[in-house]
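Note sheet for the following structure.
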Amino acid sequence: MQGYLKCLSCNSEFPLQQDLITCPKCGGLLEIIVHPPKDFSFKNLRGKGVWRYRELIAGEYKKIITLNEGNTPLIRSNHNENAYFKFEGANPTGSFKDRGMTVAISSAVTLNYKVVVAASTGNTAASAAAYASRAGLKSYIVLPKGKVALGKLAQSILYGTTILEVDGSFDVAMSSVMRLYKELKIVYPLNSFNPWRLEGQKTIAFEIAEEIGVPDNIIVPVGNAGNIYAIWKGFKELQEIGVIDKIPRMIGVQAEGAAPIAKAIEKGSDTPEFVNNPETVATAIRIGKPVNWQKAMKAIKDSKGTAISVSDNEILNAQRQLARNEGVGAEPASAAAYAGYLKLLSENKLDKNEKTVMILTGHALKDPDAMVKAEAKRILVNPEYIDKIILSDL
Ligand code: F0G
C-alpha cells in the first residue's frame with residue numbers, strides 16, 4: 001500500500017519504513033498515512049478477524065503471528081435498538097489489545113527482533129505476553145506495582161513473561177519503556193506510541209462499517225489515547241476510498257481522576273494538563289499523561305466529537321447495568337463507555353435515536369475484585385429448603 005510517515009511534532013515526512021516507530025529527527029509521534037486501494041470492497045474479502053483487512057493494513061509481514069483475533073460480536077442493546085456494544089472482551093486474551101498485538105508482534109518478527117517490551121496497566125501486558133510466547137520472543141512487561149487487576153496479572157504470569165514492577169503509576173512505567181526503546185536499540189516496543197500496532201486496532205472501524213454501516217457516534221474509553229485515534233483512522237481511510245460517505249463522531253470517556261483529555265476539551269484547550277497522581281477504579285485507564293494525546297485530539301476535533309469524564313460510581317453502576325440488563329460482562333474501564341453514554345443521554349447531549357456504538361474494550365473477568373464489589377444475592381442455604389427460598393422469592 002502506498003503511503004508515508006509523518007511526525008505530529010516537527011511535521012517531517014519519511015518513507016513508509018516499518019523500522020521507524022518514533023520520529024528519527026525529534027522523537028515525536030509518527031502517523032502512518034496510507035492511501036488504500038481505490039478498488040477496495042468488503043465484498044471481495046476472505047477470512048475473519050483482523051487479517052481479513054490485510055490490504056488496508058500498512059506494512060509487509062514475512063510471517064503473521066495470530067491467535068485469530070478480531071471478528072468480535074456487535075451486540076444490539078436490549079433496551080434501545082440504536083445502541084450497540086462492540087464486545088472486545090471476546091478477543092483471545094480478553095481485550096482489544098490483541099488486534100494491535102498481532103500486527104506489532106508480526107512486525108517485530110519481520111524486523112528480526114528477539115526481545116519485546118511494554119509498559120501496561122494490565123491488558124497490553126497480557127496480550128503482549130501471549131503473542132510473544134506464540135512468536136517465541138522474549139518479553140518484558142513493566143507494570144505499576146499493586147495497580148493491575150488480578151485477571152490481567154494472572155494472565156501475564158501464565159503466559160510466562162518477565163514482570164518488572166515499578167513503584168509509581170503507569171506513566172512512570174511508560175517513560176521507562178520509552179527510554180529503553182530509545183537507548184537500548186535491541187528491544188521492540190509494543191505500546192501504542194508504536195503506530196504499527198494501531199494499524200491492527202483500526203480494524204474495529206472496519207468490522208463495524210462492514211456490519212452496520214457508519215454509526216452517528218462511537219464511544220471509546222480513553223487511557224493512553226491510542227485506540228480512539230486508531231478507530232477514527234479506520235473510518236477516515238474507508239471514507240477516503242468512498243466505501244463510506246461520512247465518519248462517526250468520536251467520543252472519548254475518561255475516569256474523573258484521570259481525565260486530562262476530557263478536561264482539555266471541556267476548557268476548549270488544545271493541550272491537556274497532565275495529572276500527576278491519577279486514580280480510578282478503572283485501573284486500565286488510570287493514566288495521567290496519555291502518550292498519544294495529540295492523536296486523540298486530532299481524531300476528536302476532525303470528527304466533531306468530544307471527550308467527557310465519569311465518576312467511579314458512574315462506572316461501577318454502568319458495569320452492573322450492562323451485566324444485569326444486557327447480559328454483557330465488561331471490565332470497569334470498558335463500562336466507562338456505557339457510563340459516558342448514559343451521562344450524555346441524561347444531559348441531552350446525545351439522542352437515543354442516534355446510532356451509537358460503545359467499544360467495550362475488555363472482559364469483566366479481567367478484574368474479579370471489581371465484580372465482587374457489586375451487591376450480591378448470596379444466601380447460605382440448607383439444601384432441604386432451597387425450594388422454599390425460590391417460592392418465597394417469586
Ligand atoms: N480499555 C481498556 C480495557 C484498556 O486496557 C485500555 C488501555 C483502554 C481502554 C484505553 O485505551 O490506551 O488506547 O486509550 N490499556 C493500556 C494497557 C494502557 O496497558 O493495557 P487507550
Side-chain angles (χ1 to χ4, degrees), residues 21 49-51 61-70 72 88-170 172-174 176-181 184-194 196-197 200-201 223-224 226 283-284 286 331 333 361-370:
I21 288 171
V50 167
W51 295 100
Y61 302 88
K62 71 175 184 200
K63 186 175 176 198
I64 286 181
I65 308 296
T66 178
L67 290 164
N68 300 0
E69 52 293 313
T72 54
E88 289 297 296
N91 275 299
T93 76
S95 84
F96 72 98
K97 304 287 179 178
D98 296 345
R99 292 180 186 269
M101 217 48 79
T102 181
V103 176
I105 290 279
S106 300
S107 220
V109 168
T110 299
L111 297 166
N112 292 320
Y113 278 89
K114 301 285 177 259
V115 185
V116 293
V117 62
S120 183
T121 55
N123 280 325
T124 295
S127 184
Y131 284 80
S133 293
R134 185 147 178 105
L137 302 179
K138 181 120 187 81
S139 63
Y140 294 89
I141 296 302
V142 189
L143 301 180
K145 186 167 179 283
K147 296 293 182 182
V148 173
L150 184 60
K152 306 174 191 182
L153 186 63
Q155 285 179 292
S156 298
I157 293 169
L158 178 67
Y159 292 123
T161 185
T162 303
I163 300 169
L164 307 168
E165 297 185 283
V166 296
D167 268 325
S169 71
F170 167 83
V172 175
M174 180 76 262
S176 67
V177 162
M178 191 66 102
R179 190 175 58 77
L180 258 180
Y181 156 64
L184 207 69
K185 303 224 177 303
I186 56 160
V187 296
Y188 187 82
L190 297 171
N191 283 106
S192 54
F193 68 82
N194 178 340
W196 301 91
R197 201 188 97 181
Q201 288 173 215
N224 222 12
T283 52
R286 186 176 168 273
E331 68 168 282
T361 44
H363 203 289
L365 287 169
K366 291 280 190 174
D367 191 346
D369 295 313

- Note on the structure: Residue set satisfying side-chain hydrogen bond (donor to acceptor under 3.5 Å, both in side chains) with Lys62, at least two apart, ordered chain then number -> Asn112

- Query: Got Val50 and Thr66 here, is their nearest side-chain heavy-atom distance under 4.5 Å?
  - Reply: no

- Message: Is there a side-chain contact between Pro92 and Tyr131 in this structure, where contact means two heavy atoms from C-beta onward sitting under 4.5 Å apart?
- Response: yes

- Query: Quick one: salt bridge (Lys or Arg N to Asp or Glu O under 4.0 Å) pairs with a partner in residues 118-146, sequence neighbours left out?
  - Reply: none

- Task: Starting from the C-alpha separation in whole Å, work towards a yes-or-no answer on side-chain contact (heavy atoms from CB on, under 4.5 Å) for Lys147 and Ser169.
- Result: CA-CA 8 Å; Lys147 296 293 182 182; Ser169 71; over 6 Å; no

- Message: Minimum heavy-atom separation for Gly200 and Val103, please, with both atom names.
- Response: CA-CG2, 3.6 Å

- Test item: Gln155 side-chain N/O and Thr93 main-chain N/O as donor-acceptor pair under 3.5 Å: yes

- Message: Quick check against the 3.5 Å criterion: does Arg197 have a side-chain atom that pairs as donor or acceptor with the backbone of Leu190?
- Response: yes

- Task: Under the salt bridge (charged side-chain N to carboxylate O under 4.0 Å, His left out) rule, collect the residues that match up with Lys152, sequence neighbours excluded.
- Result: Glu331

- Query: Any side-chain heavy-atom pair from Asn224 and Phe170 closer than 4.5 angstrom?
  - Reply: yes

- So, does Ser139 use its side chain to make a donor-acceptor pair with the main chain of Val117 at under 3.5 Å? no

- Message: Quick one about Glu88 and Thr361 (side-chain donor to acceptor, distance below 3.5 Å, no hydrogens or angles considered), yes or no?
- Response: no

- Item | Closest contact, heavy atoms only, Pro189 versus Ile21 | CD-CD1, 3.8 Å

- Is any side-chain heavy atom of Met101 less than 4.5 Å from a side-chain heavy atom of Thr124? yes

- Mind running ring-ring contact (aromatic ring centres under 6.0 Å, His included) on Trp51 and Tyr61 for me, showing each step along the way? CA-CA 11 Å; Trp51 295 100; Tyr61 302 88; 5.4 Å; yes

- Task: Please work out which of the three classes, parallel, tilted or perpendicular, describes the rings of Tyr181 and Phe193, given edges at 30° and 60°.
- Result: tilted

- Message: Minimum heavy-atom separation for Ala125 and Leu143, please, with both atom names.
- Response: CB-CD2, 3.9 Å

- Query: Quick one: are Val187 and Val115 in side-chain contact, heavy atoms under 4.5 Å?
  - Reply: yes

